Amino acid sequence: MFTDERSDDYTPIAVVGTFSIHATEFLLIMHVASMIALALWAAFSAQPLQATTLDYFLSYSPELILEKFQIWRLATYVLQNYPSLWFALGMLMLWWFGREVERFYGRRNFLICYGVLTVVPALLGLLPFLNFPLVGPSQVHFGIFILFAATYPSVPMFFRIEARWVAGIYLALFSLLYLASRSLSGLTLLWVGAFLAYGMTRWMGRGEWLPGNLQSFLPSFRSPQLTVVRSEPASSAPLKKTNDPVASIDPILEKIARSGLSSLTPREHAALRAASGELQKKSEH
């Protein structure tokens, strides 16, 4: 857990014994089950794994969607999971980052984000000049990582590099890879997923980790469904008014460093402004 903040919609879908199954665990189970089903289907058929009837039924095909209205293919392509090390790493990414995103934004918003990251690229792929390579959930899970990085930009990750910079390095490296291989569809899909994920963090009231001169051009709006609650220690006492507003802003400054300016409550914003005014008065004298 990266902060004491969580959504009041962070509720389990089911409880098995003492284990709570949230939306992240449900999606993880769904992907693992599809991988097992595809592997067993191929094991008992004469066709290769990626050419079985089940694989064909799940696959993304703009022609079949437009001509035969097989609209389930807009979403079922994420269930084309094949046994591999990359599949295992993708599931770890979903587990690590998805549960923190769901914890902060809540189950409903998390599932909306997952659905948008799945369906919107598939809809764009119906355009005649785009040919997205949509097989499996890798681009969806990349979007979940961008959601995480925009929500917790200062969290240290690999080699103590902050999440925001890990996301930037990932985007830069894969952009160069797609440019070198002249894959316009892969490059477009990469940035479509990144912009979708970042746009949803803006919609849900976060995503303020770009440089200030760029951030000022982006709209800031908050989803009415998002309510964040804070778990307070039992011994903590409510804030009291003091005659010296400067003395009470240390916790606020720590919170800004940890979660960004957008995480402050209206009361904390007011306290920060009061302390700033007091410091300005003292500097004038």
Side-chain angles (χ1 to χ4, degrees), residues 1-41 43 54 58 75-76 78-118 136-158 163 166 197 200-201 204-206 223-238 254-255 258-259 263 265:
M1 302 302 181
F2 296 100
T3 71
D4 59 351
E5 297 171 309
R6 66 175 178 83
S7 170
D8 60 355
D9 185 36
Y10 185 61
T11 55
I13 295 175
V15 178
V16 179
T18 59
F19 183 71
S20 298
I21 300 176
H22 293 84
T24 303
E25 287 84 6
F26 175 79
L27 291 170
L28 187 67
I29 292 169
M30 182 180 68
H31 286 297
V32 172
S34 70
M35 183 271 292
I36 294 172
L38 281 169
L40 292 178
W41 193 289
L54 179 59
L58 297 174
T76 56
V78 298
L79 298 177
Q80 285 182 283
N81 296 302
Y82 311 115
S84 68
L85 176 61
W86 294 113
F87 171 75
L89 290 175
M91 293 304 101
L92 284 175
M93 284 186 64
L94 175 62
W95 172 257
W96 285 335
F97 305 126
R99 60 179 178 173
E100 297 302 335
V101 171
E102 181 188 1
R103 178 177 177 266
F104 187 86
Y105 294 115
R107 181 178 67 190
R108 183 175 182 274
N109 283 319
F110 175 70
L111 290 175
I112 288 174
C113 291
Y114 203 92
V116 169
L117 290 168
T118 299
S138 57
Q139 87 286 344
V140 180
H141 295 166
F142 165 68
I144 295 297
F145 169 63
I146 294 295
L147 279 164
F148 170 84
T151 304
Y152 300 108
S154 301
V155 169
M157 295 183 63
F158 316 112
V166 174
M200 284 183 289
T201 63
M204 294 184 293
R206 298 286 281 194
S223 165
Q225 293 85 13
L226 176 62
T227 305
V228 174
V229 296
R230 293 172 174 78
S231 302
E232 297 288 350
S235 60
S236 63
E254 291 177 5
K255 184 176 181 181
R258 184 180 67 243
S259 304
S263 64
T265 64

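Numbers for residues simply follow the sequence, beginning at 1. Since the model is a prediction, treat every value here as computed from it, not as a measurement.
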Between [X] and [Y], is any pair of side-chain heavy atoms under 4.5 Å apart?
X      : Y      : value
Ile21  : Pro12  : no
Phe26  : Leu111 : no
Ile144 : Phe110 : yes

Practice item. Step by step, work out the side chain to side chain contact (heavy atoms under 4.5 Å, CB included) result for Trp86 and Leu89. Key: CA-CA 5 Å; Trp86 294 113; Leu89 290 175; 3.8 Å; yes
Which heavy-atom pair separates [X] from [Y] by the least distance, and what is that distance?
X     : Y      : result
Trp95 : Leu28  : CE3-CD2, 4.1 Å
Ser34 : Leu79  : OG-O, 3.2 Å
Gly90 : His141 : O-ND1, 3.5 Å

**Study point:** Aromatic ring pairing His31/Tyr114, orientation class (parallel under 30°, perpendicular over 60°, tilted between)
**Key:** tilted
Rounded to the nearest 0.5 Å, how far apart are [atom1] of [X] and [atom2] of [Y]?
X      : Y      : atom1 : atom2 : answer
Gln139 : Leu117 : CD    : CG    : 8.0 Å
Leu38  : Leu54  : CG    : CG    : 4.5 Å
Arg99  : Leu27  : CZ    : CG    : 14.5 Å
Gln80  : Ser138 : CD    : OG    : 11.0 Å
Glu25  : Leu94  : CD    : CG    : 9.0 Å
Leu147 : Tyr105 : CG    : OH    : 6.5 Å

Study note, to complete from the structure: With sequence neighbours left out, the residues meeting ring-ring contact (aromatic ring centres under 6.0 Å, His included) with Phe145 are Phe97
Review point. Do Glu102 side-chain atoms and Ala23 backbone N/O form a donor-acceptor pair below 3.5 Å?
Key: yes
Point to revise | Candidate pair Phe87 and Val32, rule side chain to side chain contact (heavy atoms under 4.5 Å, CB included), full reasoning | key: CA-CA 9 Å; Phe87 171 75; Val32 172; 4.2 Å; yes
Practice item. Using a cut-off of 6.0 Å, state whether more than 12 heavy atoms not belonging to Tyr82 lie near its atom OH. Key: yes
